[in-house]
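Below is one structure; the comments refer to it alone.
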Amino acid sequence: MEFLRMFSGDLINGIILGAVYGLMTMGLSLIFGVLKVVNVGHGAFIMVGAFIAYWMFTLFGLPPLLSAILALIVGIALGFFFYYVVMKWLLEAPELSTLLATFAIGIFLAEVAKAVWGPDYRGYSWNVGSLNLGVTTIPMAKVYALLSSIVIAVALYLWFKKTRAGNALRGVVEDKEGARVCGINVEGYYALSFAIGIGLTVMSGVFITLFVPVGINPYMGEVYTIKAFVIAVLGGLASPWGAFFGGFIFGLVENGSYAILGLIPGVEPFSLTQCLAFAILLVLLLLKPEGLLGKK
Amino acid sequence: MLKIVNLEAGYGPMQVLWKISLNAEEGNVTALLGPNGAGKSTTLMSTLGSIKPWGGEIYFEGKDVTTLPSHKKVEMGMTLVPEGRHVFPNLTVRENILMGAYTKRASKLMKESLDLIYTLFPILKERPGQKAGTLSGGQQQMLTIARSLMTRPKFLMLDEPSQGLAPKLVGEVFETIQKVQSDMGLTVLLVEQNVDITLEVAKYVYILHEGTIKAEGTSDTIKHSEDVRVAYLGI
């Protein structure tokens with residue numbers, strides 16, 4: 001009974017964390033889907049968002065929900081900047097060039113963060129009460145993170161399906177030559193997608209801080225880069241919606257396995273959980289390389 | 001309507017076009033014939049701006065459009081039916097057609113264009129919800145032509161519309177092209193390898209070979225010129 005109570009608590013937490021993971025990966029998938037660029041520096045943009053949340057909160061008492069809006073704007077600006085300064089020139093180059101370039105951008109951001117803010121681990125706590133669900137108690141901060149992630153994902157979905165720009169972007173994703181002859185500014189939509197993708201990523205960094213009480217530091221991004229890759233593959237790589245649902249799956253596996261692994265004597269569940277997630281990635285890549293939700 | 005002067009273009013270090021010049025007269029079908037690798041597609045792609053010309057000038061309705069990005073050219077009334085069709089495979093037939101009305105000018109005329117297209121291509125009206133990728137090759141070719149008409153072009157470039165189609169369908173596609181051209185008063189620049197049908201529909205023909213224009217003339221002249229036929233067309 002005690003186990004079931006704990007387990008269902010873990011699953012609920014898994015769903016909440018999963019939504020944030022999903023949001024965290026949507027930008028990666030959007031950029032890959034449109035530009036066919038794998039952003040290896042993904043995690044560094046999450047780090048930028050985490051620092052925005054931290055400084056806004058500690059300096060001005062700004063709640064993370066408001067920092068998220070600021071982070072989106074900063075992220076979009078960074079996205080346009082790195083697109084026009086770096087990515088634009090590499091789109092015709094071999095894949096290795098874009099991989100190295102995004103890798104370099106990631107290191108650059110982390111080193112700038114270290115130079116400016118130092119290497120320390122930082123954290124803050126946004127205390128806005130908690131929600132008692134019987135099996136577990138969840139801080140309201142995390143509930144807000146869950147709701148915000150869902151709202152953002154739905155908004156992006158509607159933008160994609162219902163607006164002129166969203167439709168044009170679908171055309172660019174489907175066939176860029178086809179889009180060009182329809183009069184769609186393909187390069188303009190590359191820039192916009194990169195900017196929105198980075199914007200979403202930086203914003204997700206704000207929500208990530210609600211799950212890592214003292215984990216904010218210049219190099220925090222790496223683990224999220226890797227997690228986002230797993231989630232993106234789960235969701236079929238090129239689809240932001242696939243990524244969002246992949247996030248839920250990953251969150252559930254990560255949290256759910258925690259309780260189960262804890263039952264095995266002599267096992268330290270925390271480190272093994274990380275292991276398990278990547279074991280799943282390997283198995284998935286072997287059995288269904290197009291991703292759980294991906295198309296062949 | 002379209003005038004190309006000394007156009008040079010290529011990919012990476014490889015030059016494909018060597019100072020070619022041609023003229024597409026308003027209201028006519030002009031054709032560019034030549035074997036594979038002659039530079040026909042490169043000519044069309046650099047004219048629309050999918051690839052950047054290395055040199056030379058392109059004039060559209062008297063305006064120099066050489067360096068203009070392709071979306072601006074489409075807004076001005078130029079478009080291309082690309083080689084290999086390039087439909088949006090996971091979008092529906094209707095979504096594909098409507099994508100053609102993306103530019104501001106075309107979106108204002110969308111209703112009217114849609115009526116026109118559905119009269120020309122009744123098959124597309126019958127299956128609005130079908131994914132474009134599941135259509136047959138001929139239907140996809142019709143869809144690409146329909147989509148290009150939605151952009152309300154004055155000047156339409158067609159890149160090997162007969163490619164990969166059964167002979168019966170080739171006839172159908174060309175009938176459609178001729179009908180559209182005369183109904184809408186379009187100026188057409190047609191790129192083909194299919195010599196017979198091209199000489200039938202085109203008024204003026206350029207022969208492109210290894211990146212240069214080797215001969216030009218009215219269809220009749222080309223048809224009866226023994227030298228040109230043997231040397232470049234192989235018939």
- Can you tell me if B:R152 uses its side chain to pair, donor with acceptor, with the backbone of B:E75 under 3.5 Å? no
- When you look at B:T66 and B:D64, which way does the side-chain hydrogen bond (donor to acceptor under 3.5 Å, both in side chains) test go after all the steps? CA-CA 6 Å; B:T66 316; B:D64 185 347; 2.5 Å; yes
- Message: If you count heavy-atom pairs within less than 4.5 Å of chain A, which of B:M99, B:E95, B:R85 leads?
- Response: B:M99
- Item | Segment of B:T151 engaging chain A (4.5 angstrom heavy-atom cut-off) | side chain
- Measure from NZ or CZ of A:K162 to the centre of the six-membered ring of A:F160, then state whether that distance is under 6.0 Å and the direction lies within 45° of the axis. no
- Task: Examine whether an atom of B:P89 lies under 4.5 Å from a heavy atom of chain A, and if so say whether it belongs to the side chain, the backbone or both; otherwise answer neither.
- Result: both
- Query: Checking side chain to side chain contact (heavy atoms under 4.5 Å, CB included) for the pair B:L186/B:K154: CA distance, chi angles, key distance, verdict?
  - Reply: CA-CA 5 Å; B:L186 289 179; B:K154 296 178 228 170; 5.6 Å; no
- Item | Distance under 6.0 Å and angle within 45° of ring axis: A:R170 vs A:Y189 | no
- Query: Which residue out of A:G188, A:C182, A:A168 racks up the most heavy-atom pairs below 4.5 Å with chain B?
  - Reply: A:C182
- Task: For chain A, find which of B:P82, B:S50, B:G84 contributes the most heavy-atom pairs closer than 4.5 angstrom.
- Result: B:S50
- Note on the structure: If one checks every heavy atom of B:V81 against chain A at 4.5 Å, the contacting part turns out to be neither
- Item | Test of ring centre spacing under 6.0 Å for A:Y190 and A:F194 | no
- Note on the structure: Cut-off 4.5 Å, heavy atoms of chain A, and the answer for B:L48 is side chain
